[in-house]
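Here is the structure we will look at, set down as structure tokens.
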Amino acid sequence: MAIKVDIVTPEKMLYSGEVEMITLPGTNGQMGILRGHAPLLSTLDIGEIVLHKREGNDYLAVSGGVVEVRPDKVTILADVAEAGEEIDEERARIALERAQRILAENPPPHQVPEIMASLRRSTLRLKVARRHAGRRASSGLNYESGQQQ
Ligand code: ATP
């Protein structure tokens with residue numbers, strides 16, 4: 001039984017559809033949500049959202065926000081989020097190198113949390129972009145060998 005998922009950012013509706021399961025980064029830990037889950041509200045950390053669908057997984061990066069879970073629907077209001085296919089890997093690599101460089105230069109302590117958050121966002125984006133690319137590559141292989149899942 002599927003559960004409905006809406007993922008909204010300040011800029012757009014990023015995803016609206018049905019999934020078998022969604023995993024997401026709650027600030028108290030990773031959560032896996034199936035249809036029928038007890039209602040809850042949680043804030044979101046910097047982390048990966050996985051939409052588990054019959055035809056395969058979709059991977060998204062999220063950086064903060066809130067999630068409302070109802071038994072038949074998950075609504076995510078993300079501060080910042082990107083779908084795997086939207087992620088610009090070069091931009092994330094540059095952001096990661098910038099954060100690493102600033103950290104290596106002993107920044108004032110009050111700047112460290114923001115630099116660490118930038119490091120986590122860029123590392124996450126690179127991970128999600130690669131997972132997305134891996135998903136495409138493996139489904140391509142399956143089509144070539146005629147093994148559809
Ligand atoms: P940068 O230093 O590259 O700007 P950032 O982590 O400071 O990265 P955010 O403030 O998290 O960027 O996001 C600002 C906007 O840019 C958001 O709309 C976010 O979705 C988008 N964004 C940031 N990095 C990327 C990326 N690598 N690929 C695609 N969109 C990105």
Side-chain angles (χ1 to χ4, degrees), residues 2-35 37 39-70 72-143 149:
I3 184 163
K4 178 135 183 26
V5 172
D6 281 353
I7 303 175
V8 184
T9 73
E11 289 153 13
K12 61 183 176 185
M13 175 69 101
L14 187 56
Y15 180 81
S16 182
E18 300 215 326
V19 304
E20 298 303 308
M21 180 169 85
I22 174 170
T23 54
L24 50 87
T27 38
N28 291 321
Q30 194 73 12
M31 298 193 276
I33 296 156
L34 299 161
R35 190 181 179 91
H37 197 288
L40 67 82
L41 274 176
S42 171
T43 47
L44 293 172
D45 200 354
I46 295 172
E48 182 180 46
I49 295 176
V50 184
L51 303 175
H52 301 259
K53 301 186 198 172
R54 278 180 195 280
E55 63 273 24
N57 294 349
D58 281 350
Y59 302 94
L60 298 89
V62 64
S63 303
V66 291
V67 57
E68 180 196 36
V69 177
R70 287 191 270 128
D72 61 344
K73 187 171 182 189
V74 175
T75 306
I76 293 173
L77 306 177
D79 293 341
V80 177
E82 303 94 36
E85 67 265 25
E86 288 179 321
I87 293 174
D88 178 339
E89 279 196 67
E90 185 57 19
R91 176 173 168 181
R93 208 170 293 117
I94 290 168
L96 176 62
E97 285 170 8
R98 188 191 316 122
Q100 286 171 329
R101 195 174 55 245
I102 297 171
L103 268 186
E105 288 164 358
N106 284 325
H110 71 272
Q111 282 182 11
V112 171
E114 180 45 42
I115 302 163
M116 292 302 293
S118 170
L119 198 109
R120 289 180 65 203
R121 287 194 301 272
S122 47
T123 306
L124 168 71
R125 284 174 177 134
L126 289 171
K127 173 180 146 183
V128 171
R130 281 169 198 161
R131 290 249 236 175
H132 176 74
R135 183 198 86 145
R136 284 207 332 256
S138 65
S139 69
L141 270 180
N142 286 342
Y143 288 129
Q149 292 174 355

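Ligands are counted one by one from 1 in listed order, and the atoms in each one are counted from 1 as well. What you see is a predicted model; the values in this text were computed from it and never measured.
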Original post:
How far is atom 3 (O) of ligand 1 from its nearest protein heavy atom, and which residue and atom name does that atom have?
Top reply: R91 NE, 2.9 Å
Original post:
When you measure from atom 7 (O) of ligand 1 to every protein heavy atom, which one gives the shortest distance, and what is it?
Top reply: R121 NH2, 3.5 Å
Subject >> Side chain R35, main chain A2, donor-acceptor under 3.5 Å >> reply: yes
**OP:** Examine the proximity of ligand 1 to E89 and report which part, side chain or backbone, both or neither, has a heavy atom under 4.0 Å away.
**Re:** neither
Original post:
If we only count heavy atoms from C-beta on, is the V128 to E82 side-chain gap below 4.5 Å?
Top reply: no
Subject >> atom 11 (O) of ligand 1 [closest protein heavy-atom partner, distance rounded to 0.1 Å] >> reply: R125 NH2, 2.9 Å
Original post:
Step by step, would you call R91 with E86 a salt bridge (charged side-chain N to carboxylate O under 4.0 Å, His left out)?
Top reply: CA-CA 11 Å; R91 176 173 168 181; E86 288 179 321; over 6 Å; no
Original post:
Given side chains that start at C-beta, do those of R135 and R131 come closer than 4.5 Å, heavy atoms only?
Top reply: no
Subject >> Reference residue V50; test side chain to side chain contact (heavy atoms under 4.5 Å, CB included); the match among N57, D58, L24 >> reply: N57
Original post:
Just wondering, do V67 and S42 contact through their side chains at under 4.5 Å, heavy atoms?
Top reply: yes
Original post:
What is the nearest protein non-hydrogen atom to atom 28 (N) of ligand 1, stated with its residue, atom name and distance?
Top reply: D88 N, 2.8 Å
Original post:
In terms of residue, atom name and distance, what is the protein heavy atom nearest to atom 2 (O) of ligand 1?
Top reply: R98 NH1, 3.1 Å
Original post:
Does R125 reach the main-chain N or O of A61 with its side chain, forming a donor-acceptor pair under 3.5 Å?
Top reply: no
Subject >> Ligand-residue contact atoms, ligand 1 with I87, heavy atoms, under 4.0 Å >> reply: 28 (N), 29 (C)
Subject >> Nearest-neighbour protein heavy atom for atom 19 (C) of ligand 1, which is reported as residue plus atom name and distance >> reply: E82 OE2, 3.1 Å
Subject >> Closest protein heavy atom to atom 18 (O) of ligand 1, given as residue, atom name and distance to 0.1 Å >> reply: E11 OE2, 3.1 Å
Original post:
Of all the heavy atoms in E90, does at least one lie under 4.0 Å from an atom in ligand 1?
Top reply: no
Original post:
Should I7 and L60 be marked as a side-chain contact (heavy atoms from CB on, under 4.5 Å) after you check the CA-CA gap, both sets of side-chain angles, and the distance that decides it?
Top reply: CA-CA 10 Å; I7 303 175; L60 298 89; 4.0 Å; yes
Subject >> Nearest-contact summary for atom 17 (C) of ligand 1 - protein heavy atom, Å >> reply: V80 CG1, 3.8 Å
